[in-house]
**Q** 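Okay, handing you the structure first.
Both backbone and side-chain heavy atoms feed into the values below; hydrogens, waters and symmetry mates do not.
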Amino acid sequence: MLGEVLMELLCEGLGVEKEKLKKMTFLEGMMMVGNYYPYCPQPDRTLGVKSHTDPGALTILLPNHTGRLQVKHGQEWVDVKHVPGALVVNIGDILQILSNDEYKSVEHRVLASSSHEPRVSVAVFFHPSEKESLYGPLPELVLPEKPARFQQFTYTDYNNRWYTKELDGRSLVNYYRL
């Protein structure tokens with residue numbers, strides 16, 4: 001499965017065992033969501049989805065050709081160019097924390113559009129199925145010269161905080177930062 005291959009590559013990039021995320025049950029907690037953004041006659045008066053980061057480890061997105069997805073680069077919003085047949089892969093908050101800041105969760109949003117064509121996308125989110133286990137920086141990535149940058153937490157606590165906050169660009173990464 002694509003999610004497994006991507007997670008193995010990300011683990012290899014961190015220098016940890018390639019099955020680390022699989023063993024931590026991140027392939028077992030998948031959730032698929034379909035998004036539909038209809039025509040909007042006044043797109044300057046609304047957003048499709050406010051800026052946010054994704055809570056899980058990884059998100060794989062299949063968008064249609066209409067675009068309107070943006071990522072934050074520095075202080076500027078940048079359009080994600082549509083490439084036919086391509087998938088968009090986002091690093092989520094949990095992977096930023098597990099990687100001890102080696103990987104960064106991406107802030108993104110969807111703009112409303114006056115195009116008469118709706119935006120449709122399908123996203124697959126990868127979360128751990130072990131909700132009560134403790135999560136924090138992987139021990140292999142905590143070194144004297146690079147101490148842990150995040151406290152440990154359960155995914156249940158994290159998930160409750162994520163779903164009760166407004167999607168306003170604030171990542172929960174900073175909530176758990178030491």
**Q** Of all the heavy-atom pairs spanning Pro137 and Ala148, show the shortest one and how long it is.
**A**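 Reported closest heavy-atom pair: CG-CB, 4.0 Å.
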**Q** Verify the cluster assignment for Leu134 and Val142: are they in a single hydrophobic cluster under the rule of side-chain heavy atoms below 4.5 Å apart?
**A** no
**Q** Is the closest side-chain heavy-atom distance between Thr59 and Val106 below 4.5 Å?
**A**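 Heavy-atom side-chain distance check fails, nothing below 4.5 Å.
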**Q** Give a yes or no on this: more than 12 heavy atoms of other residues, nucleotides or ligands lie within 6.0 Å of atom CD of Glu145.
**A**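 Yes, enclosed.
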**Q** Could you grab the distance from atom CD of Glu12 to atom NZ of Lys18, nearest 0.5 Å is fine?
**A**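 If we round to the nearest 0.5 Å, Glu12:CD and Lys18:NZ are 6.0 Å apart.
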**Q** Could you state whether Leu62 and Met1 fall into the same hydrophobic cluster, counting links through intermediate Ile, Leu, Val, Met, Phe, Trp or Tyr residues with side-chain heavy atoms under 4.5 angstrom apart?
**A**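 Looking at the clustering, Met1 is in the same group as Leu62.
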**Q** Do the side chain of His73 and the main chain of Val71 share a donor and acceptor less than 3.5 angstrom apart?
**A** no
**Q** Might you confirm whether atom NZ of Lys131 has over 12 heavy atoms from other residues, nucleotides or ligands at distances under 6.0 Å?
**A** yes
**Q** Heavy atoms only: give me the nearest Phe26-Ala57 pair and the separation to one decimal.
**A**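 Shortest heavy-atom contact: CD2-CB, 3.5 Å.
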**Q** Hey, does His52 have a side-chain heavy atom less than 4.5 Å from the side chain of His108?
**A** yes
**Q** Check whether any side-chain N or O of Asp54 sits under 3.5 Å from a backbone N or O of Ile91 as a donor-acceptor pair, and report yes or no.
**A**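 No; zero donor-acceptor contacts below 3.5 Å.
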**Q** Parallel, tilted or perpendicular, judged at 30° and 60°: which one describes the rings of Phe153 and Tyr135?
**A**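 It falls in the tilted class, 30° to 60°.
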**Q** In Å, rounded to the nearest 0.5 Å, how long is the span from CE of Met31 to CZ of Phe126?
**A** 11.5 Å
**Q** Could you go through the side-chain contact (heavy atoms from CB on, under 4.5 Å) check for Leu14 and Asn100 one step at a time?
**A** CA-CA 10 Å; Leu14 292 171; Asn100 205 26; over 6 Å; no
**Q** Are any non-hydrogen side-chain atoms of Pro63 and Leu69 less than 4.5 angstrom apart?
**A**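 In short, these two side chains do not touch, never coming nearer than 4.5 Å.
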**Q** Mind checking whether Glu107 and Thr53 have side chains closer than 4.5 Å, heavy atoms only?
**A** yes
**Q** Taking the side chain as every heavy atom from C-beta outward, state whether Leu98 and Phe150 have any atom pair closer than 4.5 Å.
**A** no
**Q** Rounded to the nearest 0.5 Å, what's the gap from OG on Ser105 to CG on Leu58? Could you check?
**A** 10.5 Å
**Q** Membership question, hydrophobic clusters at under 4.5 Å side-chain separation (ILVMFWY): are Val5 and Met7 in the same one?
**A**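 As far as the 4.5 Å side-chain criterion goes, Val5 and Met7 are not connected within one cluster.
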**Q** Assigning hydrophobic clusters by single linkage (Ile, Leu, Val, Met, Phe, Trp, Tyr; side-chain heavy-atom cutoff under 4.5 Å), is Leu9 placed with Leu61?
**A**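 Hydrophobic grouping puts Leu9 apart from Leu61.
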**Q** Between the side chains of Asp93 and Tyr176, is a donor N or O closer than 3.5 angstrom to an acceptor N or O?
**A** no
**Q** Please lay out, stage by stage, how Arg149 and Leu178 fare under the test side-chain contact (heavy atoms from CB on, under 4.5 Å).
**A** CA-CA 5 Å; Arg149 296 185 176 173; Leu178 291 172; 5.9 Å; no
**Q** So, taking the atom named CG in Leu10 and the one named CG in Leu95, what distance separates them when rounded to the nearest 0.5 Å?
**A**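 One gets 6.0 Å once the value is rounded to the nearest 0.5 Å.
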**Q** Any side-chain to backbone donor/acceptor pair from Asn64 onto Pro118? Under 3.5 Å, distance only.
**A** yes
**Q** Would you say that Leu2 contacts Leu87 through its side chain, given a criterion of any heavy-atom pair below 4.5 Å between the two side chains?
**A**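 In contact.
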**Q** Test side-chain contact (heavy atoms from CB on, under 4.5 Å) on Val110 and Asn35 and set out the steps.
**A** CA-CA 11 Å; Val110 177; Asn35 297 301; over 6 Å; no
**Q** Would you say Val89 and Met30 are hydrophobically clustered, going by side-chain heavy atoms of ILVMFWY under 4.5 Å?
**A**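 In one cluster: yes.
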**Q** Strictly below 4.0 Å, N to O, side chains only: are Asp101 and Lys146 in salt-bridge contact?
**A**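 No.
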**Q** Given Lys22, which partner from the list Glu28, Glu8, Glu4 fulfils the side chain to side chain donor-acceptor pair (under 3.5 Å) test?
**A**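 Of Glu28, Glu8, Glu4, side chain to side chain donor-acceptor pair (under 3.5 Å) with Lys22 is met by Glu4 alone.
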**Q** Got a donor-acceptor contact below 3.5 angstrom from the Thr25 side chain to the Glu130 backbone?
**A** yes
**Q** Fit a plane to each ring of His127 and Tyr155, take the angle between them on a 0 to 90° scale, and name the class: parallel (under 30°), tilted (30 to 60°) or perpendicular (over 60°).
**A**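 Rings of His127 and Tyr155: tilted, 30 to 60°.
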